[in-house]
Amino acid sequence: MNQLELSEQEIIRRESLNELEKLGINPFPAEEFPVTHYSEDIKKGFEEHADDFKEVSLAGRIMGRRIMGSASFAELKDKKGRIQIYLRRDDICPEDDKTLYNTVFKKLLDIGDIIGIKGFVFKTQMGEISVHVTSMTVLAKSLRPLPVVKEKDGKVYDAFSDPEQRYRQRYVDLIVNDQVRDTFRKRTRIINSMREFFNANDYLEVETPILQSIPGGAAARPFITHHNTLDMPLYLRIANELYLKRLIVGGYEGVYEFGKDFRNEGMDRTHNPEFTVMEIYVAYKDYKWMMDFTEEMIEKVALDLHGNTKVQVGDNMIDFKRPYKRISMLDSIKEHTGYDIAGMDIAGLRKVCDTLEIEYDESMGKGKLIDEIFGEKCEASYIQPTFITDYPVEMSPLCKKHRDNPELTERFELMVNGKELANAYSELNDPIDQLARFQDQLNLSEKGDDEAMFIDMDFVRALEYGMPPTSGMGIGIDRLTMLMTGQSTIQEVLFFPQMRPEKKKERDGEEKFTAIGVPAEWVPVIYKAGYLKVDELKESNPNKLHQELCGLNKKHKLGLQNPKPDEVKSWVEN
RNA sequence: GACUCAGUAGCUCAGCUGGUAGAGCACGUCCCUUUUAAGGAUGGGGUCCAGGGUUCGAAUCCCUGCUGGGUCACCA
């Protein structure tokens, strides 16, 4: 990389890197650095057991330095937190040679560098538990300056807060923003908590294909890719459902999968093109059983994460304590609109939509109309966890018809904070009904519903061998994490949310410039002057260009032989 | 996709009804042996997102584009 493309601070750090090497210090050593203690453990344990901390060895990143002549304080950050370290020249350099302190620590190390230290723990006059360093090892040099976030009395100064930079360079976000690292730890603890719960019930964790020739199990637009050897299109899965049910046919009585689904749809604060879901299927159960199971699971997650069932989400305090309210979709609509739509036909539903001022179009069937009414008038009011049950049959092609009403299905969704969190069925296991439902979906797609499902004949064949009555449930892990950590955007709970790629400015290669007579060593200078393409150079004023180049040469002390005005002219006019 | 706000130093941000850029932190040099958002002195650092336009003159006004945020729409 040419130095003209670096900022002053980056150049200085690279020079420091060279200086370290000149002193015989490898800035990127290979050896293991044995760590005996972590920052937070020292701070927690020192008062009570001071004797345990007479020799400590820890490693981490320098997050701040306060140098006072021959003594210095620095902040060291490791996986558990920060601790102050105290370095005194004559302690780390007991001999005559004071280079390690005067040159290496004071001049060549920077905020962001990773070091290992050995020393003993003590308490400063200010009362802060610190490590008095007796030896220091450079473990990795940082070549880019880190945003310096400071904090006093709980108030954060100069926070690294621009969402675009935070998401694009999540590593920097994680280094600098402790609460971000904590959110992702919580995400993993949520998943672990669920996994424990399933395993305790002897359900089997499995993996099913992500690349599918028929994307099934949900209504959504898929991503399409292509397999070269098979020379056929493949789809990224939009749901795990159909494969997991095949495993129930195969004789497992409980299977679950944490996995990524992919949907080629809009992106916003609650949608990312790839997202994580957990789906679980348990044989010989129905959706009523699954409601109990789901609330038990969610209550456990909340308890494991917070020690209690209450979580603050925005302005709302949500309580995940069992049991949750249960209400059928039709009752909910009756409650919120006053309309009893049970048994209504399409015309009746459209009339209800008209009076409630809900928009709809001709392609919508009964199910979709009911869903619109529910979505518009009811959904947002369910802040505390609530099971909405018994959805219309048209909306649920993989769900068993309701035991008491063939227009409905044995389905529930768990609503929390006004949004869908989990979705579950008594699974449809009648292959003849299943095929008919798929065909209904095909009709919908012919009507223009581009989210209607494909027909998966192999899945129907599997059902023809017989699937035990089964209940299945799916839950969005990203949304659950948002709720449990009080985040309002999905980007805050995904390490690397989808972003438009960063654009690099196009520029002509060196050879295009040398072709018109520009010496190779001057090409970076020309870039720096703002001429990224030969064509742009051709349109420039040669006198101005000559001045700019000589000026840059001088300013950046490049030590190049300045070109003659005629030479520059010849590049431009050739 | 619509509307709206924003993009200025490594980071966080000022910059008025147009006069060619500032602060704090960070960085360089110097002083200081228990400081703590350390302090003091001093110095360097910018394609003001990009491209057009208006103007004697644009970070500033106008248009177009790029990227992101917010709201809405779409999204079982």
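All values derive from a computational prediction rather than experimental measurement.
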**Student:** May I ask you to check whether A:H336 and A:Y382 place their ring centers less than 6.0 Å from one another?
**Tutor:**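 Between A:Y382 and A:H336, which both carry aromatic rings, the centre distance is below 6.0 Å.
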**Student:** Taking atom P of B:rA38 as reference, at what distance in whole Å does atom CZ of A:R65 sit?
**Tutor:**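 In whole Å, B:rA38 P and A:R65 CZ are 13 Å from each other.
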**Student:** Hey, does A:F122 reach any base, or is it just sugar-phosphate, or nothing, if we go heavy atoms under 4.0 Å?
**Tutor:**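 The answer is base, as A:F122 lies within the cut-off (heavy atoms under 4.0 Å) of a base atom.
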**Student:** Could you please name the option among B:rG10, B:rG45, B:rG70 that lies closest to any side-chain atom of A:E8?
**Tutor:**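 Selected nucleotide: B:rG45.
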**Student:** Return the value, rounded to whole Å, for the distance between atom NE2 of A:H271 and atom P of B:rG1.
**Tutor:**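 In whole Å, B:rG1 P lies 17 Å from A:H271 NE2.
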**Student:** Does A:D268 make a side-chain donor-acceptor contact with the base of B:rC74, cut-off 3.5 Å?
**Tutor:**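 Per atom types, the contact qualifies.
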**Student:** Which nucleotide in the set B:rU29, B:rA37, B:rU12 lies at the smallest distance from any side-chain heavy atom of A:K107?
**Tutor:**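 That would be B:rU29.
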**Student:** Return the residues of residues 80-97 of chain A meeting this criterion: a heavy atom under 4.0 Å from some atom of RNA chain B. Order them by number, or give none.
**Tutor:**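 Listed by number, they are A:Q84, A:Y86, A:R88.
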**Student:** Separation of A:H132 atom NE2 from B:rU34 atom C1', in whole Å?
**Tutor:**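 Taking atom C1' of B:rU34 as the reference, NE2 of A:H132 is at 10 Å.
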**Student:** Mapping A:F160 and A:K123 to their closest nucleotides on RNA chain B, which lands nearer the 5' end?
**Tutor:**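 Closer to the 5' end of RNA chain B: A:F160.
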**Student:** Checking base pairs now: Watson-Crick or wobble, both atom distances under 3.5 Å. What partners B:rU54?
**Tutor:**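 Checking every strand shown, B:rU54 finds no partner, since no pair has both distances under 3.5 Å.
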**Student:** Please give the distance between the P atoms of B:rA50 and B:rA9 as a whole number of Å.
**Tutor:**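 The answer is 11 Å between these two P atoms.
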**Student:** On RNA chain B, compare the nucleotides closest to A:R411 and A:L109; which residue's is nearer the 5' end?
**Tutor:**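 Here A:L109 is the residue nearer the 5' end.
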**Student:** Can you check the A:Q498 CD to B:rG69 P distance for me, whole Å?
**Tutor:**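 Distance, rounded to whole Å: 12 Å.
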**Student:** On a whole-Å scale, what distance lies between the C1' atoms belonging to B:rA26 and B:rU60?
**Tutor:**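 Approximately 28 Å lies between the C1' atom of B:rA26 and that of B:rU60.
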**Student:** How far does the C1' atom of B:rG45 sit from the matching atom of B:rA23, given to the nearest Å?
**Tutor:**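 Roughly 14 Å separates the two C1' atoms.
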**Student:** Does A:F496 have A:R170 sitting over its ring (NZ/CZ under 6.0 Å from centre, angle to axis within 45°)?
**Tutor:**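 Checked: cation-pi criterion not met.
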**Student:** Judged by modelled atom types alone, do A:T470 and A:E427 share a side-chain donor-acceptor pair under 3.5 Å?
**Tutor:**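 No.
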**Student:** For B:rC49 versus B:rC66, give the span between their C1' atoms, rounded off to a whole number of Å.
**Tutor:**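 Rounded to whole Å, the distance is 8 Å.
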**Student:** What's A:D162 touching, base or sugar-phosphate or nothing? Going by heavy atoms closer than 4.0 Å.
**Tutor:**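 If one applies the 4.0 Å heavy-atom cut-off, A:D162 turns out to touch the sugar-phosphate alone, with no base involved.
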**Student:** Just verifying a value: how many Å separate A:E40 CD and A:I83 CD1, rounded to the nearest 0.5 Å?
**Tutor:**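 A:E40 atom CD to A:I83 atom CD1 measures 8.0 Å (nearest 0.5 Å).
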**Student:** If you check every side-chain atom of A:M126, which of B:rA38, B:rG45, B:rU36 has the closest atom?
**Tutor:**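 The answer is B:rU36.
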**Student:** Nearest to the A:Y167 side chain among B:rA38, B:rG69, B:rC27, which nucleotide is it?
**Tutor:**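 Closest nucleotide to the A:Y167 side chain: B:rG69.
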**Student:** In Watson-Crick or G-U wobble terms, both distances under 3.5 Å, what is the partner of B:rG70?
**Tutor:**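 Result: B:rC3.
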**Student:** Is the distance between the ring centroids of A:Y324 and A:F387 less than 6.0 Å?
**Tutor:**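 Centroid distance A:Y324-A:F387: below 6.0 Å, so yes.
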**Student:** Could you tell me how far B:rU8 sits from B:rU20 if I compare only their C1' atoms? Round to whole Å.
**Tutor:**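 Going atom to atom, C1' in each nucleotide, I get 14 Å.
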**Student:** Select one nucleotide: of B:rU71, B:rU36, B:rG68, the one nearest the side-chain heavy atoms of A:T124.
**Tutor:**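 Nearest listed nucleotide: B:rU36.
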**Student:** Write down the distance between NZ (A:K106) and C1' (B:rU33), rounded to a whole number of angstrom.
**Tutor:**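 Checked: the NZ to C1' distance equals 11 Å.
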**Student:** Whether A:R144 contacts B:rC11 is assessed here as follows: a side-chain N or O lying under 4.0 Å from the phosphate OP1 or OP2. Is that the case?
**Tutor:**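 A:R144 to B:rC11 OP1/OP2: no side-chain N or O under 4.0 Å.
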**Student:** On a whole-Å scale, what distance lies between the P atoms belonging to B:rC74 and B:rC61?
**Tutor:**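 My reading of the P atoms in B:rC74 and B:rC61 gives 35 Å.
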**Student:** Would you mind reading off the distance between A:Q125 atom CD and B:rU36 atom P, rounded to a whole angstrom?
**Tutor:**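 Rounded to the whole Å, the gap is 11 Å.
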**Student:** Distance check: side-chain N/O of A:R66 vs OP1/OP2 of B:rA38, anything under 4.0 Å?
**Tutor:**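 It does, given that an N or O in the side chain of A:R66 lies less than 4.0 Å from OP1 or OP2 of B:rA38.
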**Student:** Determine the contact category for A:L146: base if any of its heavy atoms lies under 4.0 Å from a base atom, sugar-phosphate if only primed atoms, P, OP1 or OP2 are that close, otherwise nothing.
**Tutor:**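 Since no nucleic acid heavy atom lies under 4.0 Å of A:L146, the category is nothing.
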**Student:** The side chain of A:Q165 is closest to which nucleotide in this list: B:rC27, B:rU34, B:rC11?
**Tutor:**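 Closest nucleotide among those given: B:rC11.
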**Student:** Please determine, for B:rA21, whether a Watson-Crick or G-U wobble partner exists with both distances under 3.5 Å, and give it or none.
**Tutor:**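 Base partner found: none.
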**Student:** Please report the distance separating the C1' of B:rG53 from the corresponding atom of B:rA58, rounded so that it comes out in whole Å.
**Tutor:**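 To the nearest whole Å, 11 Å.
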**Student:** For A:E372, is there an ion pair with A:K368 - N to carboxylate O distance below 4.0 angstrom?
**Tutor:**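 Salt bridge absent between A:K368 and A:E372.
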**Student:** My understanding is that a pair needs two contacts under 3.5 Å, Watson-Crick or G-U wobble. By that rule, which nucleotide pairs with B:rU60?
**Tutor:**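 Matched B:rU60 with nothing under the 3.5 Å cut-off.
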**Student:** Could you tell me which nucleotide pairs with B:rU34 by Watson-Crick or G-U wobble geometry, both distances under 3.5 Å, or answer none if nothing does?
**Tutor:**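 For B:rU34, the partner nucleotide comes out as none, under the 3.5 Å rule.
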**Student:** Is NZ or CZ of A:R479 both nearer than 6.0 Å to the six-membered ring centre of A:F275 and within 45° of the ring axis?
**Tutor:**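 Geometry flag: not set, cation outside 6.0 Å or 45°.
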**Student:** How would you label the contact of A:R500 with the nucleic acid (heavy atoms, under 4.0 Å): base, sugar-phosphate, or nothing?
**Tutor:**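 Counting heavy atoms under 4.0 Å across all strands, the contact made by A:R500 is with sugar-phosphate only.
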**Student:** Within the structure shown, what part of the strands sits under 4.0 Å from A:R168 by heavy-atom distance: base, sugar-phosphate, or nothing?
**Tutor:**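 Result for A:R168 = sugar-phosphate.
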**Student:** Could you tell me how far B:rC27 sits from B:rC11 if I compare only their C1' atoms? Round to whole Å.
**Tutor:**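 Going atom to atom, C1' in each nucleotide, I get 12 Å.
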**Student:** Using a cut-off of 4.0 Å on non-hydrogen atoms, how would the nucleic acid contact of A:R13 be classed: base, sugar-phosphate, or nothing?
**Tutor:**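 Touches nothing.
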**Student:** Once you round it to whole Å, what is the distance between P of B:rG44 and CD of A:E10?
**Tutor:**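 Nearest whole value for this atom pair: 21 Å.
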**Student:** Using Watson-Crick or G-U wobble geometry with both distances under 3.5 Å, which nucleotide pairs with B:rG46?
**Tutor:**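 Base partner found: none.
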**Student:** Does the separation of the ring centres of A:Y86 and A:F122 fall below 6.0 angstrom?
**Tutor:**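 They qualify: ring centres under 6.0 Å apart.
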**Student:** Does the side chain of A:D268 come under 3.5 Å of the side chain of A:H271 through a donor N or O and an acceptor N or O?
**Tutor:**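 Judged by distance alone, the side chains do pair up.
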**Student:** Taking atom C1' of B:rA37 as reference, at what distance in whole Å does atom NZ of A:K150 sit?
**Tutor:**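 The answer, rounded to whole Å, is 5 Å.
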**Student:** Among the candidates B:rG70, B:rU67, B:rA26, find the nucleotide nearest to the side-chain atoms of A:E164.
**Tutor:**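 Nearest listed nucleotide: B:rU67.
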**Student:** For A:R269, check salt bridge (Lys or Arg N to Asp or Glu O under 4.0 Å) against everything at least two apart and list the hits.
**Tutor:**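 If we apply the salt bridge (Lys or Arg N to Asp or Glu O under 4.0 Å) test to A:R269, skipping adjacent residues, there are no hits.
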**Student:** Closest heavy-atom contact between A:L349 and A:M344?
**Tutor:**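 Smallest heavy-atom distance, with atoms named: N-SD, 4.0 Å.
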**Student:** Tell me which nucleotide, if any, is Watson-Crick or G-U wobble paired with B:rA41 when both distances must be under 3.5 Å.
**Tutor:**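 B:rA41 is paired, partner B:rU29.
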